[in-house]
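First listed ligand is number 1; within each ligand, the first listed atom is number 1. All values reported here derive from a predicted model rather than from experimental measurement. Computation of the quantities below employed the complete heavy-atom set of this structure, encompassing side-chain atoms and omitting hydrogens, waters and symmetry-equivalent molecules.
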Amino acid sequence: MHNIAVIGTGYVGLTAAIGLADFGSNVLGLDVNQEKIEMLQDGKMPIYEAGMQQIMDKNVREGRLRFSHEIDSGIQWADIIFVGVGTPQADDGSADLSALHIVAKTIGENLNRYKIVVIKSTVPIGTNEEVYNIIEKYNAKHMEFDIVSNPEFLREGRAMYDFLHPDRVVVGSNNLRPIETLKKVYRPLYLNEVPFVFTDLRTAEMIKYASNCFLATKVAFINEMARLCDAVGANVQTVAHAMGKDGRIGSKFLHPGPGYGGSCFPKDTHALAAIASQYNTELSVVQATIQSNSKHKKYIAQRIVQVFFDAIEEKTIAILGLAFKSDTDDMRDASSIIIIDELLRCGARVQVFDPQAMENARLLWQDKIIYAINEYEAVTNADAVVILTEWNQFRNLDLINIFAKMNDRKFFDFRNIYKRTEVEQVGGEYWGMGT
Ligand SMILES: NC(=O)c1ccc[n+]([C@@H]2O[C@H](COP(=O)([O-])OP(=O)(O)OC[C@H]3O[C@@H](n4cnc5c(N)ncnc54)[C@H](O)[C@@H]3O)[C@@H](O)[C@H]2O)c1
C-alpha cells in the first residue's frame with residue numbers, strides 16, 4: 001500500500017485525498033490553511049459536495065485518511081505526493097503559480113528518498129518541467145524523484161462521483177519509471193477499463209486546457225445562439241435539442257444560461273490565451289469565447305434593467321441562485337456577481353437566496369444586499385425575480401405563492417427551467433434565455 005500525501009485540500013485536493021484513500025492507499029491531506037485542516041480533523045467538510053462526507057467518514061474510520069498542516073513531515077512520510085494547490089488568474093490573465101512554486105521548494109527541501117510528485121493543479125504548458133527544476137534546486141540530499149502530470153477533470157457539484165468514475169485519466173510523464181506505480185494507485189479504475197491516456201508532460205498539460213477551453217466555447221456559442229433567438233423570435237431550447245441529437249455535436253454543454261463562471265473556465269481560457277501569446281500563436285476562438293462570455297453576463301444584467309425602462313432605481317430584485325452552478329457553494333467568477341453588482345450600480349435593492357452559497361455571498365456583499373432564509377422570503381415585496389442557478393428546489397416553485405408575495409410579477413428565468421406558458425398562466429410576465 002502506498003503512502004500518499006495530497007498537498008492542498010481544496011475542491012481538487014480534498015476530492016483526490018478522499019478518492020485515493022477509497023482506492024486503498026494511505027492518504028494524508030495537507031494544507032497551509034490551518035482552519036480548514038482543523039475542520040477536516042473534526043470530520044467536517046469545508047466545501048459542499050454531494051456524497052463526499054460519507055466517503056470521507058468511511059475512509060477516516062478505516063484508518064486510511066488523515067489530515068495535517070505539518071507539510072514538511074507529511075512530505076517526508078509520503079512515497080507519492082499529489083499537488084492540488086490553486087493556480088488562480090493573475091492580473092495579466094496568466095496562471096498565478098506562486099503556491100505551486102512554494103510547494104515545489106518545500107518538496108525539494110524534504111526529499112528523503114525516491115518519491116513521485118504528481119501535479120493535479122491545472123498548469124501552463126512547461127510548468128511540470130519548471131516544478132522539476134525547482135525541486136531539484138532545493139534537493140540538497142540529491143534524492144531521485146519523478147514528476148507526473150495528472151490533470152483533474154472533475155465537475156464541482158459532482159466532484160466525488162467524477163473522481164471515482166472519470167471519463168478518462170491522463171498521466172503525463174517524460175519517463176516510464178513512475179507509470180507502473182500510478183497504475184497501482186488508480187488500480188480500481190484501471191481494472192474497470194476506464195480509458196487511461198499515457199503521454200508526455202507537455203501534452204498532458206495541454207489536454208486539460210484544450211478540454212476546458214472547448215467546453216467554455218460550447219457554452220459561449222449556445223449563449224450567443226440564445227441571444228440571436230431572442231432577437232429573431234426563435235426558441236433556443238429546441239435549437240439546442242436538435243443540435244445535440246447530432247452525434248458530432250453532442251447534447252452536453254448546450255444549455256443556455258447566464259454565462260459560464262466558476263473556478264476553472266474563466267481562468268483557464270485566460271491562461272491559455274496568455275500561453276498562446278507567449279508563444280506568438282493566435283487563439284482567436286478562445287479570445288472570442290472570453291469576450292463573448294463577458295458580454296453575455298452584461299447582456300443579462302441589461303435585460304433586467306431595460307425591462308424596467310431604466311427606472312430600476314428603488315426597485316427590488318430577488319435573485320434565486322448565486323453559486324456559479326447548482327450543487328456547489330462556489331461563487332468564484334459566478335455570473336451572479338456581475339449581475340448583482342450592475343443592479344446595485346443602477347440603484348436597485350437586491351434580495352438573494354441560494355441553498356448553499358449564502359456564507360460566500362456575505363463575504364462579497366456584506367450589508368449591500370438582503371439575505372433571505374429561503375426563496376419565498378427572497379421574493380417578498382420584490383418587483384422581479386431572477387433565477388440564476390438551476391438548483392432543483394427552484395425548478396418546482398409554487399408560482400402562485402411566489403407571485404402573491406411580490407409587488408410585480410416579472411419573472412426572469414435565465415436557466416430556462418420554466419415554460420413561458422406556465423408562468424403566464426398564473427399571471428407572471430416571463431423572460432427566458434432565447435425562448
Ligand atoms: N475546482 C475545480 O472544479 C477544478 C477542476 C479541475 C482542476 N482544477 C484545478 O485544480 C487546482 C486546485 O483547484 P481548487 O478549486 O481545488 O482550488 P482551491 O482554492 O479550492 O484549493 C486550493 C487549496 O490549496 C491550499 N494551498 C495553497 N497554497 C498552499 C501551500 N503552499 N501548501 C499547501 N496548501 C496550499 C489552499 O489553502 C487551498 O485549500 C487548480 O489548478 C484548478 O484549476 C480545479
Could you tell me, atom by atom, which parts of ligand 1 come under 4.0 Å of a heavy atom of [X]?
X	result
I7	32 (N), 33 (C)
G84	12 (C), 22 (C)
T87	40 (C), 41 (O), 43 (O)
C264	2 (C), 3 (O), 4 (C), 5 (C), 8 (N), 44 (C)
I71	32 (N), 33 (C)
K36	38 (C), 39 (O)
R332	15 (O), 17 (O), 18 (P), 19 (O), 20 (O)
A99	28 (N)

Validation row: L201, E129 side chains within 4.5 angstrom (heavy atoms): yes
Steps toward ring-ring contact (aromatic ring centres under 6.0 Å, His included) verdict (Y430, Y418): CA-CA 9 Å; Y430 181 85; Y418 287 87; 7.8 Å; no
In terms of residue, atom name and distance, what is the protein heavy atom nearest to [atom]?
atom	result
atom 21 (O) of ligand 1	G10 CA, 3.2 Å
atom 34 (N) of ligand 1	V32 N, 3.5 Å
atom 42 (C) of ligand 1	K267 NZ, 3.7 Å
atom 1 (N) of ligand 1	E156 OE2, 2.7 Å
atom 11 (C) of ligand 1	V85 O, 3.4 Å
atom 22 (C) of ligand 1	G86 N, 3.5 Å
atom 10 (O) of ligand 1	V12 CG2, 3.4 Å

Gap between atom NE2 of H241 and atom OG of S251 - 0.5 Å precision: 9.5 Å
Straight-line distance of E224 CD to T289 OG1, nearest 0.5 Å: 8.0 Å
Side chain to side chain contact (heavy atoms under 4.5 Å, CB included) partner of F163, chosen from R158, E152, M52: E152
Qualifying residue, where the test is side chain to side chain contact (heavy atoms under 4.5 Å, CB included) with V385 and the options are I317, I319, V379: V379
Under 4.0 Å, heavy-atom basis, I'd like to know which part of [X] is in contact with ligand 1: side chain, backbone, both or neither.
X	result
L154	both
R155	neither
S121	both

Would you tell me which option among [options] has the nearest heavy-atom contact to [atom]?
atom	options	answer
atom 7 (C) of ligand 1	T122, V123, I102, N212	T122
atom 6 (C) of ligand 1	R158, E152, Q34	E152
atom 31 (N) of ligand 1	V103, N33, L14, I47	V103
atom 38 (C) of ligand 1	L97, D31, V6, D96	D31

cation_pi([X], [Y]) dist<6.0 Å, angle<=45:
X	Y	answer
K183	F198	yes
K120	F82	no
R168	F196	no

D268, any N or O under 3.5 Å of ligand 1 N or O: no
Chi angles and distances behind the side chain to side chain contact (heavy atoms under 4.5 Å, CB included) call for V170, F153: CA-CA 9 Å; V170 173; F153 298 94; 3.8 Å; yes
Trace of the salt bridge (Lys or Arg N to Asp or Glu O under 4.0 Å) decision for E359 with R362: CA-CA 5 Å; E359 255 177 66; R362 278 198 176 86; over 6 Å; no
Ring centroid separation Y114 to F145 under 6.0 Å: no
Aromatic centroids of F253 and F221 separated by under 6.0 Å: no
K295 side chain vs I290 backbone, donor-acceptor pair below 3.5 Å: no
